[in-house]
A.B. asks: 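One structure follows; several queries about it will come next.
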Amino acid sequence: MNKVLILGAGQLARMMELAGTPLNLDVKALDVLSNKVVQPLAPEYICGDLETGIKNADVITAEFEHVAHNILAKCERSGKLYPTSNAIKIGGDRRLEKALLESCNAANAKHYFVNDKVDFDKAIEHLSLPIIFKTALEGYDGKGQWRLKSAADAEAVWQDMADFLTASKTTVKQGIVAEQMVPFDREVSLVGVRRVNGDVAVYPLTENHHTDGILSVSLAAPVNAQLQKQAGTVFKALSDKLNYVGVMAIEFFQVGNQLLVNEIAPRVHNSGHWTQQGADTCQFENHLRAICDLPLGSTALIRPTAMVNIIGEDTVPDAVLAIPSATIHWYNKVKRAGRKMGHINVSGNNELQLAERLQRLADILCKQAFPDLSGFAKSYIEKQS
Ligand code: ATP
Ligand code: MG
């Protein structure tokens, strides 16, 4: 098994090719816009169409959950798709995701499904304000969400949502999931991996910070054992239920000592990019190992590591590379506001050293492009003293 086809040819496929090459894995990716199979690191090099791609591959996987269902069906029929199309579809539909969480008794925010005005009014009755409304399909980076804080805004929010539903052209019927706003202490995620034989390995919980709804910083450092155990138990329950193969991420809200699941991602995840420098085996390699049925690599944290997303910028000062242990990972993408263009990983021998290096990084980077980094580094330094 050494020929892998990834559905989706973005940065995650690119990083899988980078991780798979030392294992002699031949990694190709389907560009879903052109429907051509390409080399992730050289997407101008076209290797054929989907049919040829499926035929030539030993295993097929996905780098995003919004893959067209007819493509998933074709791949599943080949018997080569990992994880299953069911798992991928669940990650792409918040209604199915909620049903999965309920079936596994995984704690999550109180919610209500909304298709029309009657449901909308019932959701407000059933949940208390503030409420967050999320599109069931196609949401990412905080897009497709409405927040209702006061009853006076209900009509306006509903009108906007109703217009959105009417204009929606999805093949599966679009809908809305209303969710109780959770007054969380922080957001964390767990990236884990499961092999065909049921072996599971999880990385340490990662603390996540968002700027304008987009992940900006992930921090991996030694974690509270009780929380780690809680998250690991949820991972095991969900991944066993799905008979999952590969890397899956679970985003949580931490409220006191309890973790509530926000959402799952049936793929390698942005909050796991720190593993490239901070873990024994990175998430991209572990995903490939799992789908190729190879022994999983250790997920142990080598040293405290943070990942800083580069959003909407295609250059950073060269001085970044002068920070010990800072590495830059560009995605070879055309610059666009709000677009994830690359990331910087920074490690330290201890948390104070990491925090100081992050402060140094924040001093070098443009404040407008990284508005929250300096504040994050400052408070992280303060926490260490
Ligand atoms: P991403 O693609 O970045 O993971 P998304 O568009 O899929 O995001 P969510 O993760 O569901 O959407 O929500 C984005 C952010 O909105 C969350 O990280 C969190 O900060 C906030 N949020 C979402 N749901 C809730 C909730 N129920 N209570 C409080 N905050 C919430
Ligand atoms: Mg999210």
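As the structure lists them, so they are numbered: ligands from 1, and atoms in each ligand from 1. FYI, side chains are in, hydrogens and waters are out, and symmetry mates aren't considered; it's all heavy atoms of this structure.
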A.B. asks: Please state which protein non-hydrogen atom is closest to atom 14 (C) of ligand 1 and give its distance, to 0.1 Å?
C.D. replies: Q145 NE2, 3.6 Å

A.B. asks: With K117 as the cation and F120 as the aromatic partner, state whether NZ or CZ is under 6.0 Å from the six-membered ring centre and within 45° of the axis.
C.D. replies: no

A.B. asks: What protein heavy atom sits nearest atom 7 (O) of ligand 1, and how far off is it?
C.D. replies: E263 OE2, 2.9 Å

A.B. asks: Identify the closest protein heavy atom to atom 6 (O) of ligand 1: which residue and atom is it, and at what distance?
C.D. replies: G142 N, 2.7 Å

A.B. asks: Regarding E138 and K143, does a basic nitrogen lie under 4.0 Å from an acidic carboxylate oxygen?
C.D. replies: no

A.B. asks: Of all the non-hydrogen atoms in the protein, which one sits nearest to atom 23 (C) of ligand 1, and at what distance?
C.D. replies: K134 NZ, 3.4 Å

A.B. asks: Give the atom name of whichever N/O/S atom in E263 sits closest to the Mg ion (ligand 2).
C.D. replies: OE2

A.B. asks: Which residue and atom name correspond to the protein heavy atom nearest atom 16 (O) of ligand 1, and how close is it?
C.D. replies: R147 NH2, 3.2 Å

A.B. asks: Under the 3.5 angstrom rule, does the side chain of E17 hit a backbone N or O of K28 as a donor-acceptor pair?
C.D. replies: no

A.B. asks: At under 4.0 Å between heavy atoms, which part of R94 makes contact with ligand 1: side chain, backbone, both or neither?
C.D. replies: side chain

A.B. asks: Could you list which atoms of ligand 1 come closer than 4.0 Å to a heavy atom of F253?
C.D. replies: 19 (C), 22 (N), 23 (C), 24 (N), 25 (C), 26 (C), 27 (N), 31 (C)

A.B. asks: Please report which non-hydrogen protein atom sits nearest to atom 28 (N) of ligand 1, along with the residue it belongs to and the distance in Å to one decimal place.
C.D. replies: V182 N, 2.7 Å

A.B. asks: Could you tell me which N, O or S atom of E251 is nearest to the Mg ion (ligand 2)?
C.D. replies: OE1

A.B. asks: Compare E65, E187, H210, K143 and give the one whose heavy atom is closest to atom 17 (C) of ligand 1.
C.D. replies: E187

A.B. asks: Judged by atom type as modelled, is there a donor-acceptor pair below 3.5 Å linking the side chain of R195 to the main-chain atoms of D293?
C.D. replies: yes

A.B. asks: Counting N and O atoms only, with roles assigned by atom type, does the side chain of R339 sit under 3.5 Å from a partner on the main chain of V334, one being a donor and the other an acceptor?
C.D. replies: yes

A.B. asks: Report the nearest protein non-hydrogen atom to atom 2 (O) of ligand 1: residue, atom name, distance rounded to 0.1 Å.
C.D. replies: D141 N, 2.8 Å

